[in-house]
Amino acid sequence: MPAASLIPTEVSGVGVLNSAFEAVVDALRSSLLGFAEPEDTQAFHVPPVISRALLERLGYVDAFPNLLGTLHTFVGDNRRWRAIQAARLADGAPWHSEQTISDVVALPATCYHLYPLVADQTLAQPVTMTAEASCYRHEGSSELGRLRSFRMREIVRIGGPDGVPAWRDEWLARARTWFDGLGLKVSVETATDPFFGDAARMMAPRQRQEELKWELRADLGTGQAQAIASANYHKDHFGGLFDIRMDGGVAHTACAAFGLERIVLALIAAHGESPARWPASVRGSLALGGTAK
Ligand code: AMP
Ligand code: ZN
């Protein structure tokens, strides 16, 4: 098996993965689904774009305007396009000066596709859902592991205010044990989302005080630890926005999010770039097969 590689492209933060890298991603996915299955988890396939209006309603635009990738298209007619092309040929005018924002944006986190699936419902019991998506974030830097396009596997829990925080804590512990078994040295820390501008002042202190977000961080070989997973408790934020009810009140939600490329990069940093030579215990945990050389 060749070295697992993330091959850079001409734009920063966008990489192509070779099959050895992708084989590890497949193994991580199976392992995570194995944890999720006993919880009667419903699995979905979700697209890499989402309703712009939905993200506006969720407050994503206010909190992370810098990270959101918008999609613009040309909606003019033939005549207009001919004029644009002519100006482009004549004096190098940009082809995209008349692009119009569309009704979809690039998906910034997988779980935004899952809450609407139970909108306007009263749940008889907690619901667990999972999906994986290619996410896009317009990151301002592009050190190793900080991608603009990356995959995020999420497991989401929707239930009552008593059970949901405990579920979040359980997944945090589960992730920690899983990473231990993969030979990754991980630190577990409370964190805040990277709110932009004034949103940081308004949102971050509460998130930190109430320990709503936890990150599991590992060194990807740069000497600086990066989050490879997070476990988040949103209280009644999404339950309220989507009118999901349980136990006579608004449902609470939590999600556990795993950055698949980052986990592979952490494994490479810890064990080398050739998965066939990773310790037998790690290959065994991931059912990667093959023998160590
Ligand atoms: P978050 O919603 O920020 O907690 O992200 C969930 C997980 O997605 C993180 O713990 C990372 O593993 C992964 N992730 C987030 N941003 C990036 C990025 N720019 N590049 C690669 N992975 C990322
Ligand atoms: Zn989430």
Side-chain angles (χ1 to χ4, degrees), residues 6 8 11-15 17 21 25 28-29 32 36 44 46 50 55 58 60 63-64 66-69 106-117 128-158 164 167-168 171-172 175-176 178-179 182 184 186-196 203-204 207-208 212-220 222 224-235 237-239 241-242 252-269:
L6 189 158
V11 285
S12 65
V14 180
L17 310 173
F21 196 110
V25 169
L28 294 171
R29 176 185 305 114
L32 283 170
F44 296 91
V46 301
I50 192 163
L55 284 207
L58 292 182
Y60 192 92
F64 313 103
N66 55 325
L67 293 180
L68 186 63
L107 181 69
T110 305
C111 63
Y112 294 133
H113 266 307
L114 300 179
Y115 311 111
L117 298 176
T128 314
M129 297 187 272
T130 187
E132 180 182 314
S134 278
C135 293
Y136 183 87
R137 292 182 184 175
H138 198 73
E139 299 283 3
S141 62
S142 58
E143 65 275 23
L144 181 71
R146 192 162 308 281
L147 300 167
R148 284 191 281 166
S149 179
F150 57 95
R151 273 169 301 171
M152 192 192 294
R153 162 68 57 182
E154 290 212 57
I155 303 96
V156 161
R157 178 79 157 188
I158 308 176
V164 169
W167 180 93
R168 192 275 310 264
W171 264 93
L172 188 59
R176 184 181 213 161
W178 186 49
F179 289 136
L182 296 179
L184 297 178
V186 176
S187 65
V188 183
E189 291 167 49
T190 54
T192 56
D193 286 309
F195 300 107
F196 187 77
M203 319 275 280
Q207 198 180 27
R208 193 179 290 285
L212 298 180
K213 184 176 191 74
W214 287 85
E215 283 183 343
L216 296 110
R217 298 186 191 148
D219 186 3
L220 307 187
T222 57
Q224 203 196 343
Q226 287 194 50
I228 54 174
S230 70
N232 308 281
Y233 175 37
H234 320 113
K235 301 183 103 173
H237 177 69
F238 293 114
L241 283 165
F242 292 110
H252 283 218
T253 64
C255 67
F258 295 83
L260 298 176
E261 288 85 358
R262 274 202 193 157
I263 299 174
V264 181
L265 291 170
L267 286 164
I268 292 171

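Order of appearance sets the numbers: ligands from 1, and atoms from 1 within every ligand. As the structure is a prediction and not an experimental result, all values here were calculated from the model.
- The closest side-chain heavy-atom distance from Arg217 to Ile228 is not below 4.5 Å.
- For Phe150, there are no ring pair (Phe, Tyr, Trp, His ring centres under 6.0 Å) partners two or more places apart in sequence or in a different chain.
- Between the side chains of Ser141 and Glu143, at least one donor-acceptor pair of N or O atoms lies under 3.5 Å.
- Within Glu154, OE1 is the N, O or S atom that lies nearest to the Zn ion (ligand 2).
- Annotation: angle subtended at the Zn ion (ligand 2) by Cys111 SG and Cys255 SG is 130°, to 10°.
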Quick one: ligand 1 N/O to protein N/O pairs below 3.5 Å?
residue  : atom   : partner : partner atom : Å
ligand 1 : 2 (O)  : Arg137  : NH2          : 3.0
ligand 1 : 3 (O)  : Arg137  : NH1          : 2.8
ligand 1 : 4 (O)  : Lys213  : NZ           : 2.7
ligand 1 : 4 (O)  : Ser230  : OG           : 2.7
ligand 1 : 10 (O) : Ala229  : N            : 3.3
ligand 1 : 12 (O) : Ala227  : O            : 3.1
ligand 1 : 12 (O) : Ile228  : O            : 3.1
ligand 1 : 12 (O) : Gly259  : N            : 3.2
ligand 1 : 19 (N) : Glu139  : OE2          : 2.8
ligand 1 : 19 (N) : Leu147  : O            : 2.7
ligand 1 : 20 (N) : Gly145  : O            : 3.2
ligand 1 : 20 (N) : Leu147  : N            : 3.0
ligand 1 : 20 (N) : Leu147  : O            : 3.4
ligand 1 : 22 (N) : Arg262  : NE           : 3.4

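- Every residue two or more places apart in sequence or in another chain was checked for a ring pair (Phe, Tyr, Trp, His ring centres under 6.0 Å) with Phe179, and none qualifies.
- Evaluation of the ring pair (Phe, Tyr, Trp, His ring centres under 6.0 Å) rule for His252 yields Tyr233 as partners, not counting sequence neighbours.
- At least one donor-acceptor pair under 3.5 Å links the side chain of Arg148 to the backbone N or O of Ser12.
- His234 and Tyr115 have perpendicular rings, their planes meeting at more than 60° on a 0 to 90° scale where under 30° would count as parallel.
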